[in-house]
Novice: 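Handing you a structure now.
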Amino acid sequence: MEDKLDDIINGLYQKSKTKQAIYRNTLNTFLRMKEISQELVAELTERVTQQDASEVVIEYRNVQEHEFHIKFSGDLLVFVMHSNIITFPDDYEIMRSEYIEEDFRRRFFGHIMAYNFMADTIKYNRLEDPGYLVGRMLINIDNHFCIEGVKQLDLPFEQVSDIAKNKISNKALRVIVESAMVAAVNNDLMGQDVSDIERTTLKQKLENTHLTKPRKLGFQIAHELTN
């Protein structure tokens, strides 16, 4: 019985230690991503000013430790770091990697999500408006990463799928943020069929939801990276 208790304690200790280390890696990555995003917004704003494109507004907003926003034109990118450490079933693609199988600690990941919303969704607090996943960044105990997400991210292949080769760097983080912005810019709004808006209610009018509700086209998820 004592041996089993020791096994339980050792197992809990190893997992707890591993998850705490991954959490720190993920938080440090997220903080670097914040700094890089601020620098990117400042550079873009300077270029916009030089081109006298005053109608183009690009803003960075720090919401909290685990969330920040980049607003540009009618788009809003919401970056969120989840506090929980996750793993996946054995048949999940990333789990079939020899690199993962070499060390059980590599089976656990921190994750950062990027969602694309319409900027007016937040401005007018339109709770029913959807946001669209642009990508998910998985980070492990070695500070390696992989990206799961939409084909529109158009990242270099090695930065997407091969966690064994992908080491977190400022250059990689900047490419990820830039690619997310490009994907969002290219994700256009689609109007509704007129039959969907021919009737309204007083409640909708008072809540300013009686007008046309355009929806994003959405993204094409690259399922071959995740199945």
Side-chain angles (χ1 to χ4, degrees), residues 22-51 53-86 109-123 125 129-140 143-156 158-160 163 166-189 216 218-219 221-222 225:
I22 295 170
Y23 175 84
R24 289 192 295 270
N25 288 350
T26 308
L27 181 59
N28 288 336
T29 299
F30 195 67
L31 294 177
R32 288 165 69 183
M33 188 175 283
K34 283 185 175 184
E35 293 175 358
I36 288 166
S37 296
Q38 291 178 72
E39 294 170 0
L40 178 58
V41 167
E43 291 179 28
L44 289 169
T45 299
E46 182 178 356
R47 290 200 184 187
V48 165
T49 301
Q50 291 173 354
Q51 295 178 12
S54 57
E55 69 278 4
V56 179
V57 178
I58 307 169
E59 297 176 340
Y60 169 90
R61 180 176 173 234
N62 184 52
V63 178
Q64 53 165 292
E65 184 179 38
H66 294 158
E67 182 177 346
F68 70 90
H69 297 172
I70 301 178
K71 178 183 175 184
F72 45 100
S73 186
D75 283 286
L76 182 74
L77 278 177
V78 176
F79 291 85
V80 180
M81 173 193 153
H82 288 260
S83 59
N84 299 110
I85 305 303
I86 61 174
F109 308 91
H111 52 137
I112 296 169
M113 316 284 281
Y115 287 94
N116 180 207
F117 285 88
M118 291 180 289
D120 281 357
T121 293
I122 307 299
K123 180 178 180 180
N125 197 33
D129 283 2
Y132 299 88
L133 178 68
V134 179
R136 173 169 69 174
M137 183 179 190
L138 300 175
I139 300 161
N140 76 358
N143 264 322
H144 285 214
F145 74 94
C146 73
I147 302 293
E148 297 179 320
V150 302
K151 294 181 178 180
Q152 288 91 333
L153 275 175
D154 196 26
L155 290 165
E158 65 271 18
Q159 288 188 335
V160 176
I163 192 170
N166 293 333
K167 190 82 172 177
I168 291 171
S169 67
N170 288 348
K171 180 179 179 180
L173 293 177
R174 174 157 177 143
V175 168
I176 290 167
V177 175
E178 289 176 343
S179 298
M181 292 182 71
V182 170
V185 167
N186 291 332
N187 186 19
D188 295 319
L189 295 180
K216 287 279 193 176
F219 296 105
I221 296 294
L225 299 179

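Just so it is clear, the structure is predicted and the values come from calculations on it, not from any experiment.
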Novice: With side chain to side chain contact (heavy atoms under 4.5 Å, CB included) as the criterion, how do M137 and I139 come out once you've worked through the C-alpha distance, each side chain's angles and the decisive distance to 0.1 Å?
Specialist: CA-CA 7 Å; M137 183 179 190; I139 300 161; 4.1 Å; yes
Novice: Strictly by modelled atom types, are N62 and K34 linked by a side-chain donor-acceptor pair under 3.5 Å?
Specialist: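 There is such a pair between these side chains.
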Novice: With a 4.5 Å heavy-atom cut-off, do Y23 and N84 have their side chains touching?
Specialist: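 A side-chain contact is absent here, since even the closest heavy-atom pair is not under 4.5 Å.
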Novice: Rounded to the nearest 0.5 Å, what separation is found between the CG atom of N116 and the CG atom of D75?
Specialist: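 With rounding to 0.5 Å, CG (N116) is 5.0 Å from CG (D75).
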Novice: Checking H144 side chain against I163 main chain: does a donor-acceptor pair fall under 3.5 Å?
Specialist: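 Yes; judged by distance alone, with no hydrogens or angles, the pair exists.
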Novice: What is the distance from atom CG of L44 to atom CZ of F72, rounded to the nearest 0.5 Å?
Specialist: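 L44 CG to F72 CZ: 9.5 Å, rounded to 0.5 Å.
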Novice: H82: which residues meet the side-chain hydrogen bond (donor to acceptor under 3.5 Å, both in side chains) condition with it, sequence neighbours left out?
Specialist: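 By the side-chain hydrogen bond (donor to acceptor under 3.5 Å, both in side chains) rule, H82 matches no residue at all.
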Novice: Could you tell me whether a side-chain N or O of N170 sits under 3.5 Å from a main-chain N or O of R32, the two making a donor and an acceptor?
Specialist: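 Flag not set: sc N170 to bb R32 has no pair under 3.5 Å.
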Novice: Say you draw a straight line from CD1 of I168 to OG1 of T29; how long is it, rounded to the nearest 0.5 Å?
Specialist: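 Interatomic distance, I168 CD1 to T29 OG1, rounded to 0.5 Å: 3.0 Å.
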Novice: R174: what forms a side-chain hydrogen bond (donor to acceptor under 3.5 Å, both in side chains) with it, not counting sequence neighbours?
Specialist: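 R174: side-chain hydrogen bond (donor to acceptor under 3.5 Å, both in side chains) contacts with E43, E178.
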Novice: Kindly compute the distance separating OG (S37) from CE (M181), expressed to the nearest 0.5 Å.
Specialist: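 So the OG of S37 and the CE of M181 are separated by 8.5 Å.
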Novice: How would you list, by chain and number, every residue that makes a side chain to side chain contact (heavy atoms under 4.5 Å, CB included) with Q64, sequence neighbours excluded?
Specialist: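 Q64 satisfies side chain to side chain contact (heavy atoms under 4.5 Å, CB included) with H66, E67 once adjacent residues are dropped.
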Novice: Could you tell me whether the side chain of L173 reaches within less than 4.5 Å of the side chain of M33, counting heavy atoms only?
Specialist: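 They are in side-chain contact.
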Novice: Roughly how far, to the nearest 0.5 Å, is the CZ atom of F79 from the CZ atom of F30?
Specialist: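 Separation between the atoms: 8.0 Å.
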Novice: For ring-ring contact (aromatic ring centres under 6.0 Å, His included), just list the numbers for Y60 and F68, CA-CA rounded to whole Å, side-chain angles, deciding distance to a tenth of an Å, and then say yes or no.
Specialist: CA-CA 8 Å; Y60 169 90; F68 70 90; 5.5 Å; yes
